[in-house]
Each structure stands twice: as structure tokens, then as C-alpha cells.
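Reviewing the structure listed below.
By convention here, the first residue in the shown sequence is residue 1.
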Amino acid sequence: MPKYNIYRVMDFINMVGEEAVKDLFSDFSCEYKEGIHNDEVELFLKKNSVEFSKRKMSISYLVLDEQDRVAGYFTLTHKPDGANHEFCMNNRMYDVGNYQSDGDGKFQRSTKERIDRLRLVNGQKFSLHYDFGDDWMFVINVQRIDEAEEGTAPCVIQGKGSVTQYPDWDEFE
């Protein structure tokens, strides 16, 4: 059975240096089907994980194989105060049928609900209401629903665009 070591990115940087870590990341590839790569997963590790760890926006952990190659990684994101979210199944903010991050009894908790229990259908549209202070709204279109084998982990297969919630204001000075 292969052995893996897990390191926090910042601890690993302290051990081998930032340039060595970035060089190690350059070989990382996330192929979820033969010949198909998850560019978002690869891009986050290569371009954002170190900077986000430095700024304490998230904590990334490396999973290294016996040859010290990146076998995978996982990231825990710090949720800033007030950045709650809800999935608006009927596209209305604060509606009783929504799934909210804090689920105060009136609303269902979004973090406790399995996606297969939402009874989504092809063509359905619903919204993500993010950051109740700023009220960012994103439309989600269900384009396809595939049956997965038992035990298959969810995976983002495509994203569109990006948003910088907390930009680096230093570059504007």
C-alpha cells in the first residue's frame, strides 16, 4: 500500500523554500477522466494556494507520495464574518425553501444537505445568494445530471470567470 505524507503549504515552504514549492506545483495535474483536466483545481494550487495561505485566507495541505510528488491537495477556506450564503431554489432571497449556511431553524442548512436529495432536474435554474451584506447573486443552470457510481467523489468539471472578493489593494497604491 502506498504511503503519503501530508504537509501544510506554509510548513512545507518553511522546510524547502517558496521557489521549491512552486516548482513542485508546476508538475501537478488533475486529470479526472482520461485526457480531461480540471483546470480550476490545477490553477488554484499553482497560482493561489501559496498567496492565500500567506494572507490567511485559506489553509492548503499537500498530499505527497513516496517520491515527494504532489498526489493531491485540499484547502480549507476561512469564512469571513458576514459572508453567509444561501441557495435560492425559487430565485428569491431569504425565502423559507432556501438552503442557508447558518440554517437557523426557519431555513434548511446548506452544509447538511446532499445534492442528490435536492431533486434537481435538467434545465432548472436557481440562485446562489452570497454575502448577505453585499447581496451577490449568481444564477446556477442545471445542464446535465449524470448517475455516479457509489462512492464517487464530487468534482467541479467546469467554471466560468472568477471573482476577487478581497482584492490586493496594495497594487492600486
Side-chain angles (χ1 to χ4, degrees), residues 1-81 83-87 99-103 109-118 120 122 128 130-131 136 138 140-171:
M1 176 176 244
K3 288 180 78 174
Y4 297 95
N5 293 307
I6 298 175
Y7 300 96
R8 276 186 356 152
V9 166
M10 292 309 295
D11 292 341
F12 204 64
I13 287 172
N14 292 335
M15 289 169 45
V16 301
E18 187 171 331
E19 289 308 311
V21 169
K22 288 182 177 179
D23 187 52
L24 178 69
F25 291 175
S26 67
D27 293 332
F28 177 73
S29 174
C30 178
E31 185 176 63
Y32 65 92
K33 286 184 182 175
E34 189 172 335
I36 301 175
H37 292 263
N38 188 321
D39 294 333
E40 285 186 40
V41 170
E42 293 176 10
L43 184 67
F44 180 83
L45 182 67
K46 294 174 182 180
K47 302 290 184 190
N48 296 326
S49 63
V50 171
E51 194 61 35
F52 283 19
S53 292
K54 285 181 181 177
R55 293 180 184 196
K56 299 186 175 153
M57 295 170 63
S58 65
I59 302 171
S60 292
Y61 293 84
L62 299 175
V63 180
L64 301 181
D65 65 14
E66 293 171 325
Q67 288 79 40
D68 288 332
R69 294 177 302 208
V70 178
Y73 75 92
F74 58 97
T75 299
L76 305 173
T77 303
H78 299 296
K79 182 179 146 197
D81 291 338
N84 292 323
H85 68 272
E86 67 178 339
F87 291 97
Y99 296 90
Q100 284 195 351
S101 55
D102 59 0
R109 279 190 68 97
S110 62
T111 56
K112 299 287 184 189
E113 197 61 41
R114 287 179 30 167
I115 196 165
D116 60 336
R117 294 187 183 149
L118 297 180
L120 299 173
N122 288 337
L128 167 62
Y130 180 78
D131 194 337
W136 294 27
F138 302 91
I140 299 169
N141 297 308
V142 178
Q143 294 181 345
R144 185 178 80 220
I145 299 172
D146 293 330
E147 292 296 319
E149 294 179 24
E150 189 68 32
T152 302
C155 178
V156 175
I157 57 172
Q158 183 181 15
K160 184 176 181 182
S162 65
V163 176
T164 302
Q165 183 177 6
Y166 302 107
D168 181 7
W169 295 111
D170 293 340
E171 65 187 55

Donor-acceptor side-chain pairing of Ser60 and Ser49 below 3.5 angstrom = no

Rounded to the nearest 0.5 Å, the CG atom of Asn38 sits from the OG atom of Ser29 at a distance of 10.0 Å

Looking at residues at least two apart in the chain, or sitting in another chain, which of them share a side-chain contact (heavy atoms from CB on, under 4.5 Å) with Asp23?
-> Ser26

With distance as the sole criterion, is a donor-acceptor pair present between the side chains of Glu42 and His37 under 3.5 Å?
-> yes

Between Tyr4 and Ala71, which heavy-atom pair has the shortest distance, and what is it?
-> CE2-CB, 3.7 Å

List the steps and the verdict of side chain to side chain contact (heavy atoms under 4.5 Å, CB included) for Asn122 and Gln143.
-> CA-CA 6 Å; Asn122 288 337; Gln143 294 181 345; over 6 Å; no

Leu45 side chain near Leu62 side chain, heavy-atom distance below 4.5 Å = yes

Evaluate the side-chain proximity of Val63 to Val70: yes if any heavy-atom separation is below 4.5 Å, no if none is.
-> no

Which pairs, with at least one residue in residues 12-21 and sequence neighbours excluded, count as a salt bridge (charged side-chain N to carboxylate O under 4.0 Å, His left out)?
-> Glu18-Lys22, Glu18-Lys54

With sequence neighbours excluded, what pairs up with Ile140 under the side-chain contact (heavy atoms from CB on, under 4.5 Å) test?
-> Phe87, Phe126, Leu128

Worked verdict on Val50 versus Ile13 for side chain to side chain contact (heavy atoms under 4.5 Å, CB included) | CA-CA 9 Å; Val50 171; Ile13 287 172; 3.7 Å; yes

Taking the six-membered ring for Trp, are Phe12 and Tyr7 parallel (under 30°), tilted (30 to 60°) or perpendicular (over 60°)?
-> tilted

Check Phe25 against Val9 and note the closest heavy-atom contact, atom names and distance.
-> CZ-CG2, 4.3 Å

First locate atom CZ of Arg8, then atom OH of Tyr61, and finally report the distance between them rounded to the nearest 0.5 Å.
-> 6.0 Å

Parallel, tilted or perpendicular: ring planes of Phe52 versus Phe44, cut at 30 and 60 degrees | perpendicular

Nearest non-hydrogen partners of Asp68 and Leu24, listed with the distance | O-CD1, 3.3 Å

Are the side chain of Asp65 and the backbone of Gln67 linked by a donor-acceptor contact shorter than 3.5 Å?
-> yes

Any donor-acceptor pair under 3.5 Å from Asn14 side chain to Met10 backbone | yes

With a cut-off of 6.0 Å (strictly less than), are more than 12 heavy atoms of other residues, nucleotides or ligands near NZ of Lys47?
-> no

Do the side chain of Tyr73 and the main chain of Val41 share a donor and acceptor less than 3.5 angstrom apart?
-> yes

